[in-house]
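Structure, as structure tokens:
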Amino acid sequence: MKKILLTTAAAAIIALGMTSCADELNISSVDPKSSPSYDAQELLAKQYATLGLTGQVGPSGNSDISGDEGEIGFYRTTFNLQELCTDECIWAWQTDTDIPQITSMRWTSASTRCYWAYQRLSYDITLYNQFISEQEGKVDASLIAEVRFLRALHFWYYLDLFRKAPFKDKFDIAELPAEKAGADLYNWLDQELTAIEGILPAAGSFNNSQNFGRADAGAAYALHARLALNSEVYTNGAVKDYQKAIDYCNKLINSGSYALSTTSKNGYSGYEQVFMGDNDKNPQAMKEIIFPIRQDGTRTQEYSGSTYLVSSMRISGMPYSFTDNYWSCNYARKALVQKFFANPENDCPWATDQELSDSKLPTGTEAEVIAADKQLGGATTDIVAAAGDDRALFYAGVGGGTRTVTTNQITGFLNGFSIVKWQNRRSDNSTESNRQFSDTDIPLFRLAEAYLTRAEAEYRLGQTDAAINDVNVLRNRAHTTPVTKLDERDIADEWCREFYMEGRRRSDLVRFGLFTSSRYIWDFKGGVANGTGVDSKYNVYPIPDNDIAGNPNMKQNAGY
């Protein structure tokens, strides 16, 4: 975001709070009470900072929202509601607040984690409304359109998670938000995105080192395609905008502004590079990323962004960790590993307690762990080779202890394979900026989504051959076997293989009718070790009790 400054302009945002600057932004402390002038772009930086940061003083201190600052960031709150309840991962420490309820899909309207996401979305939208109201007519319309995009993104999360929103598109602290739900909210988003697409700079305008992280028309197209793909779910069958989803994907794929990351570099696959610590400097990784959340281990220290993704999925003793911050919280459910290995116990290389005991290999230093993994199996390179798929980025060696594949209870981090898709490691092998906080930008939208969205929409319209071609674009990039036929379950599984741990799995399972259904079960679904179906009300999260109490305009979702 070239020349955008972050300001502490407390008066300008009416005590809504501030955060530190986004990656590579210049920092300036400007108070409009004492300074005769300040650039509106200084406030624009704050709007983007809401995506990756949580407070005024780095990882903790002077938080935007009261509570555990590390837990209440935009990405972490929405990620948790989209991932921790699905077939992809389990949070190891089941004594943490509300974690058993989220893991087992038995939350209530008193859910703390539902409330954290709900209030974060509301806070950010209030901030965006203020910027739009105060700066409209004073700054270039394209800057206003950028913030309108951020607001639309947040309303999309409301629609997807809660199927309704406390809606306001004007800044007025005296007026309570109205309820806008289902088809009404869908139509508003459809119209709002259409309106700003012609105002934002052309797709790809910000896909460069000077402006990486800002929203151009490409970001709006990507959100619009995602919205349209889910139209039937969001409108309860009233709208089926699959052709619109295809049209927006065509705009992205045919624009010439974006390309999949396909070329290996220093032993790292094209896919792997998209999630590495220098994905904001590696040209081919940048080319795939349509809209990222900027992160930097020195300038944007946080516990709710990619530091969360890297640290929560590692334990001390794992090789190639490139962090000293080990949380050891989040590991793969067996169902995720099965997307690459039908029978992980027999098909996937992994180190067992017995093998380690028999080998009598020392496993203390990183070099010794790597040597043990080479002998016993479980290194990520071995797993990728056995899967025949670059996307199988797991670790099942001896680092930090040997892992299990199947367990009847959740007792800790070693109950499953480790996920190493998100890395603080750099593809050019340069040194990370900080071993406590992550440098890795979060690709909130990337070109691969356009291919898979188009494939699914084509399939739903009966264009199966075209759908197969688009799925195979991604499978070819992953150096895995192309498909020759497709059904709905195949597409749902492909969404998992390509996008696991990217904060979207629940949405995809709901769209395929698999999230609550007994037609598809996974380990610990419904709180049962072997999995079980649950009440369909859990396809939508409840409106938090405290918001219902404070805003009579909001009505509770059915079943809660």
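Please read all numbers here as calculations on a predicted model, not as lab measurements.
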Asp490 (side chain) donor-acceptor with Asp487 (main chain) under 3.5 angstrom:
yes
How far apart are the closest heavy atoms of Thr406 and Lys334, and which atoms are they?
OG1-NZ, 3.0 Å
Thr402 side chain to Val398 main-chain N or O, any donor-acceptor pair under 3.5 Å?
no
Would you check if there is a donor-acceptor pair between the side chains of Gln82 and Asp160 at a distance under 3.5 Å?
yes
Please determine, by modelled atom types, if Glu272 and Gln423 share a side-chain donor-acceptor pair under 3.5 angstrom.
yes
Closest non-hydrogen atom pair between His154 and Asp124, with its separation:
NE2-OD2, 2.8 Å
Considering all heavy atoms of both residues, which atom of Thr453 and which atom of Ala245 are nearest to each other, and what is their separation?
CG2-CB, 4.2 Å
Inter-residue atom distance Leu486.CG - Asp470.CG, 0.5 Å rounding
10.0 Å
For side-chain contact (heavy atoms from CB on, under 4.5 Å), just list the numbers for Phe206 and Phe291, CA-CA rounded to whole Å, side-chain angles, deciding distance to a tenth of an Å, and then say yes or no.
CA-CA 9 Å; Phe206 293 153; Phe291 181 70; over 6 Å; no
Tyr320 atom OH, over 12 foreign heavy atoms within 6.0 Å:
no
Quick check, are the ring centers of Tyr308 and Phe79 under 6.0 angstrom apart?
yes
Give me the atom names and distance for the closest heavy-atom approach of Ile383 to Ala392.
CG2-O, 3.7 Å
Assess, by modelled atom type and distance only, whether the side chains of Tyr268 and Arg425 contain a donor and an acceptor separated by less than 3.5 Å.
yes
Any Lys/Arg nitrogen of Arg511 or Asp508 sitting under 4.0 Å from an Asp/Glu carboxylate oxygen of the other?
yes
Could you grab the distance from atom CD of Gln94 to atom CD1 of Ile410, nearest 0.5 Å is fine?
4.0 Å
May I ask you to say whether Arg391 pairs ionically with Glu498, meaning some side-chain N is under 4.0 Å from a carboxylate O?
yes
Would Lys339 and Glu88 pass as an ion pair if we require N to O under 4.0 Å?
no
Given Ser306 and Ser438, is the side chain to side chain donor-acceptor pair (under 3.5 Å) satisfied, shown in steps?
CA-CA 6 Å; Ser306 62; Ser438 174; 3.1 Å; yes
Taking the six-membered ring for Trp, are the ring centroids of Tyr303 and Phe437 within less than 6.0 Å of each other?
yes
Quick one: do Arg497 and Glu494 make a salt bridge, cutoff under 4.0 Å?
yes
Counting only heavy atoms not in Lys240 (residues, nucleotides, ligands), do more than 12 fall under 6.0 Å from its NZ?
no
When rounded to the nearest 0.5 angstrom, what distance separates SG in Cys85 from CE in Met105?
6.0 Å
Does Asn236, at its CG atom, have more than 12 non-hydrogen atoms belonging to other residues, nucleotides or ligands within less than 6.0 Å?
no
Out of curiosity, Thr464 OG1 to Glu458 CD, how far, rounded to the nearest 0.5 Å?
9.5 Å
Interatomic distance, CG@Asp347 vs CD@Glu345, rounded to 0.5 Å, equals 9.0 Å
Of Arg426, Lys287, Arg294, which meets salt bridge (charged side-chain N to carboxylate O under 4.0 Å, His left out) against Asp280?
Arg294
Looking at Asn476, I want to see if its CG is surrounded by more than 12 non-hydrogen atoms of other residues, nucleotides or ligands under 6.0 Å.
yes
So, is the end of the Arg504 side chain (NZ or CZ) under 6.0 Å from the ring centre of Trp495 and within 45° of the ring's axis?
yes
Quick one: do the Asn282 and Ser427 side chains pair a donor with an acceptor below 3.5 Å?
yes
Rounded distance [0.5 Å steps], CG in Asp278 versus CG in Asn424:
10.0 Å
Aromatic ring pairing Tyr234/Tyr186, orientation class (parallel under 30°, perpendicular over 60°, tilted between)
tilted
Face-on cation placement of Arg113 at Tyr541 ring, 6.0 Å and 45° thresholds
no
Look at the aromatic rings of Tyr158 and Tyr118 and report parallel, tilted or perpendicular, splitting at 30° and 60°.
perpendicular
Given the rule in the side chain to side chain donor-acceptor pair (under 3.5 Å) test, do Thr307 and Glu302 qualify, once you have shown the distances and angles that lead to the verdict?
CA-CA 7 Å; Thr307 298; Glu302 44 64 35; 2.7 Å; yes
Write down the atom of Gln273, the atom of Thr263, and the distance for their closest heavy-atom approach.
NE2-O, 2.9 Å
Candidate pair Phe413 and Trp327, rule ring pair (Phe, Tyr, Trp, His ring centres under 6.0 Å), full reasoning:
CA-CA 9 Å; Phe413 182 72; Trp327 300 2; over 10 Å; no
Would you please classify the geometry between the Tyr500 ring and the Phe340 ring as parallel, tilted or perpendicular, with 30° and 60° separating the classes?
perpendicular
Would one find more than 12 heavy atoms of other residues, nucleotides or ligands at under 6.0 Å from atom NZ of Lys537?
yes
Ignoring hydrogens and geometry beyond distance, is a side-chain donor-acceptor pair present between Glu197 and Tyr248 at under 3.5 Å?
yes
Could you pull out the closest heavy-atom pair between Ala457 and Leu229, with the gap in Å?
N-CD1, 4.1 Å
Phe512 and Tyr520 aromatic centres sub-6.0 Å:
no
N/O donor-acceptor pair under 3.5 Å between Asp439 side chain and Asp296 backbone:
no
Is Asn346 atom CG crowded by more than 12 heavy atoms from other residues, nucleotides or ligands, each under 6.0 Å away?
yes
Salt-bridge contact Asp190-Lys244 (side-chain N to carboxylate O under 4.0 Å):
yes
